[in-house]
Amino acid sequence: MNKKERSINQFQKYVEAFRCPLCKNTMKIVDHKSLVCSKNHTFDFSKNGYVNLLSSVSSSYYKKELFESRQQIVSESYLFHPLHESLSKIIAKDMNSSTLPYMVLDAGCGEGSHLQKIMEQQAFIGVGLDISKEGIQMAAKRYRHPLWIVGDLANLPIENDKFHTILNILSPSNYKEFKRILVPGGLLIKVVPRSNYLRELREVLFERTEKESYKNDATVALFTKHFQLLDIQRLSYTTKLTTDGMRNLIQMTPLAWSAKESRINTFLNEESTEITIDFDILIGRN
Ligand SMILES: [Zn+2]
């Protein structure tokens, strides 16, 4: 069975979780090659098994190089490992008291590595969605298990009350849509950076130490407007990156794009560097 056939078989099992982004009607798989709604809007599966469910063409801001760097650093370095463990534990706890199959949407999954890593620890049904076709293409090419969809956060191609958990990692939110697709009591797990996130990178690239500690108060306030806040877990640690890791980190970090090349070289001339990860994990119930 090739990648596309395997993916279509997976979609077949959970096809009732999806809906047409154009007319919002239910969809089914036709001729073993397309998702087709009751009004005949047709979305073909790609060679690697993802499906593009955007209602209009979008030009994505992120480039392929950024996703390649991110895929390498997330899947091959230790940098995000403690994050994946924390998220996996939160999901495992909720899975114990839920009906199966347990469905998890990674909303804004990019090139898919965070979701893949978490699924290596927990057996749930994972769906990765991003507006960037480049990101989803890379995810589908490399990773076998999650279902990969190109889609719009503001118009999720998903039926009401279908998912048990939404992961939203360093990515924008659409709370109205999140509430709509979550089962009653479903979880939203949102990861946001704190002021020390990638501190070393900013210090070298811009030669400044950010004394003012910024807070996520506005984000938390907005979150609690829509969801019952169960917990905020602070996750903070440092880890060493090799030169390759640092190069990938610079490529995947928008704040580095405006830095001077001489500063970037200073950073890369170190043999290895301690990098700080500093997150708030917001956990809310629908
Ligand atoms: Zn339709």
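Counting starts at 1 for both ligands and their atoms, following the listed order. Owing to the predicted nature of the structure, the values given are computational and were not obtained by experimental measurement.
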Please check this pair: side chain of Asp231 against backbone of Ile283, looking for a donor-acceptor N/O pair closer than 3.5 Å.
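The answer is no, because no donor-acceptor pair under 3.5 Å joins these two groups.
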Main-chain N/O of Ile158 paired with Arg180 side-chain donor or acceptor, under 3.5 Å:
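The answer is yes, because a donor-acceptor pair under 3.5 Å joins these two groups.
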Strictly by side chain to side chain donor-acceptor pair (under 3.5 Å), give each pair with a member in residues 36-45 just once, sequence neighbours left out.
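Pairs touching residues 36-45 that pass the test: Ser34-Asp44.
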Could you go through the salt bridge (Lys or Arg N to Asp or Glu O under 4.0 Å) check for Glu134 and Lys64 one step at a time?
CA-CA 6 Å; Glu134 289 76 19; Lys64 201 168 165 240; over 6 Å; no
If only side-chain N and O atoms count, and only distance matters, is there a donor-acceptor pair under 3.5 Å linking Lys190 with Ser173?
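Looking only at side-chain atoms, Lys190 and Ser173 do form a donor-acceptor pair, the distance falling under 3.5 Å.
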For the pair Tyr175 and Phe178, name the ring-plane relationship: parallel under 30°, tilted 30 to 60°, perpendicular over 60°.
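Aromatic pair Tyr175/Phe178 classed perpendicular.
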By residue and atom, what protein N/O/S atoms are less than 2.8 Å from the Zn ion (ligand 1)?
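Per the 2.8 Å query on the Zn ion (ligand 1), atoms found are Cys20 SG, Cys23 SG, Cys37 SG, His41 ND1.
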